[in-house]
Each structure stands twice: as structure tokens, then as C-alpha cells.
Amino acid sequence: MVLDKKTKKILKVFCLVFLVTILTGCAQNLDKNGELIASRAITMSTPWSLSAGWFDFLFVIPLAKGILFIDQFVGNVAIGVIGITIVVNLITLPIMIKSTVSTQKMQLLQPELEKIQRKYKGRNDQASQMRQSAEIQNLYKKHNVSMFGSFATFLTLPIMFAMWQAVQRIDALYKTVIFGINLGEKPLNHILDFDIGYIILLLVVAGTQFLAMQITQIMAKRSPKYRPSQQMQSMNTMNNVMTIFIVYLAATMPAAMSLYWITTNIINVVRTVYIQFFHIEKVKKEIDSSTTNNFMNSKK
């Protein structure tokens, strides 16, 4: 089974609502004065056990301890945030490659899918619908398109939330200042005072986020067969909304999260270019070859 476009859009909206609900309903880490609550702080001596809760055990504590571990060696907690972000992205790289390749395959197979749909157009009886579904499933199976690939991108949501929790609960971040930016402070509080450092930080977040969202289309435009479609226009609108949403989160979260966004966005761009050259190009050749063979066989 492969998710259709409408279902995937519903899932994306659901995930965004789920994320916002978590962000607004989670345990408080700061007191009314904006100070880290001592009982919520994570240090290298913090017990790593299920008693802290399953989410903290699986995600928050490992990320926080990873940041502090790197900080012990380099003496800079900012590098710890960047370093652990790189490590997490390397761990999830195989999953993200599978997800991206699967999504690209579905787009490349769209002409074949539309051909099957035209074949059964107007035939609404159960037998015809079952045959249409079987042909679509065989098409996806032939080209190794899995439903798992459609869900893989959503794995970034719990990681993002966990990183937000981790940076909030590391006391050292509230005492770390780089380029005039306090990593524990919310950029929005300083932007209202026209603090140039925080303004530049958010501009970099916005720029890298926009590039990360557009890089797939930028790579697609390299092909002489590229034709803009209604789907791509809808995708552009969604990308713009997502960029604004991420910038808003970066403005209202500790500045250390901006380091996470920037690092993640740069990695996403590099990863997309890598996948395009070393995976998608091969997929295109396979599908083009398969389509040509099917056309030749139909002529015999």
C-alpha cells in the first residue's frame, strides 16, 4: 500500500498540529523569570533511566548528554549542539535516503499511474476497482516503492522536539555567548530591541530553510524534461508556509535551536544533492528503460 497525495497532506497537517500541541502542553523547564528549573536540568550525572519518562529516555537525555559530552572535549557547547545534530543526521541518513528515493520514484511513475487510472475510468464496479488497485500495487512493487518511505520524513518531528527540550535543559547554554548571541535566550526578545546579531541569526535560519525546501525542485530543473506542474505550485506554497513556521519556532525557542536548524538545513541540502546524483539518476534510467520496454512490447 502506498499513500496517495491527499492522505500525505492530511498526515503532514496532523503532524504539525501534533507538534504544536506537544510544544504547548509539555512540562515547563523554565520558571516565571525565565530561569532553568533545577529539577529539570540535565547534566552528565543525570540518571539515564525510564523513570524520567519514555520520551526523555529515548530522545531528550541522549541528545543532551551527547551535547555535553562533545562540550567536555572542545570546551564549547555550541559545537556540541552542531556536532550532535550532525551525528543524528548521519544515523538517520539511510532512512532519509530510502524516503527520498521512494518519493521520487512515485513522482517518476506518475505517467504510468495515470495510464492505469485512464484504463479504468468510469468503471466503478468492485471487480474493476480491485483490478485497478492490483495493477497500481504491482507497479509500485516492481519499482520497489514502499509505504515506509512515505512515513520516514515524519521521524524528524520527535527528534526536533527532543532537541528543543535538550537545549532548554542544559544549564551551560544559558551562560554561553557566541558572536554576541546568548544561546539560552529567545531571539524574539532581542529582535524587538533591534539586536543585529539575533536578526542575522534568524535571517540565516530563513535562508537555509528556504534553500533546503527548494533544493529538490532546483535539482529537478536540471532535467530537459522538467515541466512545472500544479502539484509543484502547491508544494511551493507549502514550502513557504513551512519556512515561515520554522522561522517562528526559531524566534521563540532558545537561540541554540537556530544552530540546530541551520546545521540540519545545510545537511539536508548536501544530502539531497548526494541522493540526486548517486540514487535518483539511477532510478530515472531504470524507469525510463522499463517504460521504453513496455512501449516496445505493446507494439509487437
I'd like a table of donor-acceptor pairs (distance under 3.5 Å, sequence neighbours excluded) in which one partner is a side-chain atom from residues 253-262, with atom names and distances.
none

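Taking CD1 of Ile84 as the start and CD1 of Ile79 as the end, the distance is 13.5 Å to the nearest 0.5 Å.
Hydrophobic clustering, with ILVMFWY side chains joined whenever heavy atoms are under 4.5 angstrom apart, groups Val205 together with Phe179. Residues Leu202 and Phe194 are members of separate hydrophobic clusters, defined by side-chain heavy-atom contacts under 4.5 angstrom among Ile, Leu, Val, Met, Phe, Trp and Tyr. Hydrophobic clustering (side-chain heavy atoms under 4.5 Å, transitive across Ile, Leu, Val, Met, Phe, Trp, Tyr) keeps Ile244 apart from Met242.
Residues Leu183 and Lys175 have side chains not in contact (no heavy-atom distance under 4.5 Å, counting atoms from C-beta outward).
Residues in residues 56-83 take part in these salt bridge (charged side-chain N to carboxylate O under 4.0 Å, His left out) pairs, two or more places apart or across chains: Asp56-Arg169.
With Asp195 contributing its side chain and Ile191 its backbone, the two residues share no donor-acceptor pair below 3.5 Å. Trp48 contributes a side-chain N or O that, together with a main-chain N or O of Phe57, makes up a donor-acceptor pair within less than 3.5 Å.
Ring geometry for His190 versus Tyr198: interplanar angle under 30°, hence parallel rather than tilted (30 to 60°).
For the side-chain hydrogen bond (donor to acceptor under 3.5 Å, both in side chains) with Gln209, the qualifying choice from Asn265, Thr243, Asn268 is Asn265, the only one to do so.
Side-chain atoms of Tyr174 and Glu185 form no donor-acceptor pair, as typed in the model, at a separation below 3.5 Å.
Checked against the 6.0 Å centroid criterion, the rings of Phe161 and Phe55 qualify as a close aromatic pair.
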